[in-house]
There are 2 protein chains.
Amino acid sequence: MDKRAATRARIVAAADRLFYEQGFEHTSFTAIAEAVGISRGNFYYHFRTKDDILAAVIEARAAETRAMLEQWAAEAPSPQERIRRFVRIVVANGDDIQRFGCPVGTLTAELAKLRHPSRPDAVAVFTLFRTWLGKQFTELDPTADADALALHVLAGSQGIAMLSNAFGDEAFVRREVARLDAWLDSQVTANR
Amino acid sequence: MDKRAATRARIVAAADRLFYEQGFEHTSFTAIAEAVGISRGNFYYHFRTKDDILAAVIEARAAETRAMLEQWAAEAPSPQERIRRFVRIVVANGDDIQRFGCPVGTLTAELAKLRHPSRPDAVAVFTLFRTWLGKQFTELDPTADADALALHVLAGSQGIAMLSNAFGDEAFVRREVARLDAWLDSQVTANR
DNA sequence: GTCTATAGACCGATAGAC
DNA sequence: GTCTATCGGTCTATAGAC
């Protein structure tokens, strides 16, 4: 990787984190430049506008998500176990979610209010999870409405993330994850 | 109501709507003043700072919520029917939620990222629903963990609102509301 | 004449953009 | 490093109701 690409990657990583922690609009150029440790002037060598950075951040998140889903698919033996991996995100990233919510959910919600042109790209990250989950449910039961089940799981984890952020109640998160797990079990049993 | 209070109320109503549609930070003084039809200068006669407006908006939302919950409690005969009223919000306000998400959820999420001092007050609106729902579940079954059940319903509707906003899929909303209704039925049946 | 409500000029700071 | 627009925030003059 040449120096240009390396700096670009550092900018994207810093912006990603700041957009998550502070929101897209609230994060200024200056804040990103400071986090990376470069001057604002240097900045424009890599990105012309703030929207360009946002696009790069969303692209990076999408790539990261694809890699993660592929890894889960490779590691976990059964569809049920794979779906369980997804459900576990809200526990594994519990601390971040409690403080800043779900990165996918909060970004799409913000971009919706801003009527931002990149909003569909942010939604596409949601869609990655949606179709991946749908695939697992189809494997579990080819006759099921896999997309509906996928959205149910997605909605469940979004609700948990939202209230975790609002109330900071870890017991609630564990309880609701267990509930989702149990629901998943019941789906598998029903298919036997 | 004197003229001062009337103008103040109009400002709060306009700010409420704009904060909902565009987010708190994105909404400028100029935008609110334009929406109300007054000059920016006049503004400071009624509110000194933007945070003061936010505080007034949150207070208004809390009062509105309390009134709504009281009305539901008065109108609906059974606890189950009352809880059902709550679940129906995502359908009744389906259009707004699809475009701007849940007003309570999106505001608390934004204020969390901004580390805004009024965030606890925004969360308190969530708590109004939480305790009201808990009360209904206690009436349904005094031995149940009413708060856990309340949070489950709250999380369910938050998840629906989030994905409704992301995907704009009305069939999904109806499906998930039906699912929550069925779950509620099962809770009632289990108690018999 | 006094008070209430209003308008609009104006401030420093900071935003994104170049 | 500079430029311009706009941000939240402040001050003062004044029009009209009483």
Side-chain angles (χ1 to χ4, degrees), chain A residues 4 7-8 10-60 107 110-119 121-122, chain B residues 1-60 107 110-119 121-122:
Chain A
R4 175 169 187 162
T7 303
R8 192 190 148 96
R10 279 171 57 218
I11 292 173
V12 171
D16 190 345
R17 191 67 201 173
L18 285 169
F19 289 172
Y20 177 39
E21 292 185 3
Q22 316 188 336
F24 166 67
E25 188 164 48
H26 186 68
T27 302
S28 68
F29 265 95
T30 309
I32 302 172
E34 270 177 17
V36 180
I38 61 175
S39 71
R40 256 171 39 267
N42 188 355
F43 219 100
Y44 285 85
Y45 177 66
H46 300 280
F47 292 98
R48 264 190 289 274
T49 73
K50 200 177 168 184
D51 288 352
D52 289 342
I53 305 175
L54 176 63
V57 166
I58 292 174
E59 203 178 329
L107 183 64
E110 181 180 2
L111 298 186
K113 297 208 190 240
L114 301 181
R115 290 158 186 76
H116 196 283
S118 286
R119 186 186 162 243
D121 300 321
Chain B
M1 182 153 60
D2 60 8
K3 196 165 187 183
R4 177 169 189 162
T7 304
R8 192 191 150 95
R10 279 170 57 218
I11 292 173
V12 171
D16 190 346
R17 190 67 201 173
L18 285 169
F19 289 171
Y20 178 39
E21 292 185 4
Q22 317 187 335
F24 167 66
E25 188 163 49
H26 186 68
T27 301
S28 68
F29 269 96
T30 309
I32 303 172
E34 269 176 17
V36 180
I38 62 174
S39 71
R40 257 172 42 75
N42 183 4
F43 220 102
Y44 285 84
Y45 178 68
H46 300 279
F47 292 98
R48 265 189 288 272
T49 72
K50 201 179 169 186
D51 289 352
D52 287 345
I53 305 175
L54 176 63
V57 166
I58 292 174
E59 203 178 329
L107 183 63
E110 182 180 2
L111 297 187
K113 297 208 191 238
L114 301 181
R115 290 158 185 75
H116 195 285
S118 286
R119 186 186 162 243
D121 299 322

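Computed over heavy atoms, backbone and side chain alike; hydrogens, waters and symmetry mates excluded. In what follows, every chain begins at residue 1, and chains take the letters A, B, ... in the order their sequences are listed.
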* Asked: Reading nucleotides 3-10 of chain C from the 5' end, what letters show protein touch, with B for base, S for backbone sugar-phosphate only, - for no heavy atom under 4.0 Å?
  -> -SBBBB-B
* **Check against side-chain contact (heavy atoms from CB on, under 4.5 Å), His26(A) and Glu21(A)** => CA-CA 10 Å; His26(A) 186 68; Glu21(A) 292 185 3; over 6 Å; no
* Structure fact -> In short, Leu54(B) meets His116(B) closest at the heavy-atom pair CD2-CE1, 3.3 Å
* **Atom-to-atom span, CZ of Phe29(A) to C1' of dA13(C) - whole angstrom** => 18 Å
* Asked: Could you give the CG-to-P distance, from Asp51(B) to dG8(D), as a whole number of Å?
  -> 11 Å
* Asked: So which heavy atom on Glu25(B) is nearest to which on Glu110(B), and how close?
  -> N-OE2, 2.9 Å
* Starting at atom CG of Leu114(A), determine the distance to atom P of dA15(C), rounded to an integer number of angstrom. => 16 Å
* Asked: Can you tell me how far P of dA15(C) sits from NE2 of His26(A), to the nearest Å?
  -> 9 Å
* Nearest-Å distance, CD (Glu25(A)) to P (dT14(C))? -> 17 Å
* To do: Go through the steps to decide whether Tyr44(B) and Phe29(B) satisfy the test ring pair (Phe, Tyr, Trp, His ring centres under 6.0 Å), and finish with yes or no.
  => CA-CA 10 Å; Tyr44(B) 285 84; Phe29(B) 269 96; 5.1 Å; yes
* Structure fact -> To the nearest angstrom, the NZ-P distance between Lys50(B) and dT10(D) comes to 15 Å
* Asked: Step by step, would you call Phe24(B) with Ile53(B) a side-chain contact (heavy atoms from CB on, under 4.5 Å)?
  -> CA-CA 10 Å; Phe24(B) 167 66; Ile53(B) 305 175; over 6 Å; no
* Think Thr30(B) has a side-chain N or O under 4.0 angstrom from the OP1 or OP2 of dT6(D)? -> no
* Can you see which heavy atom on Ile58(A) is nearest to which on Asp121(A), and at what distance? => CG2-O, 3.5 Å
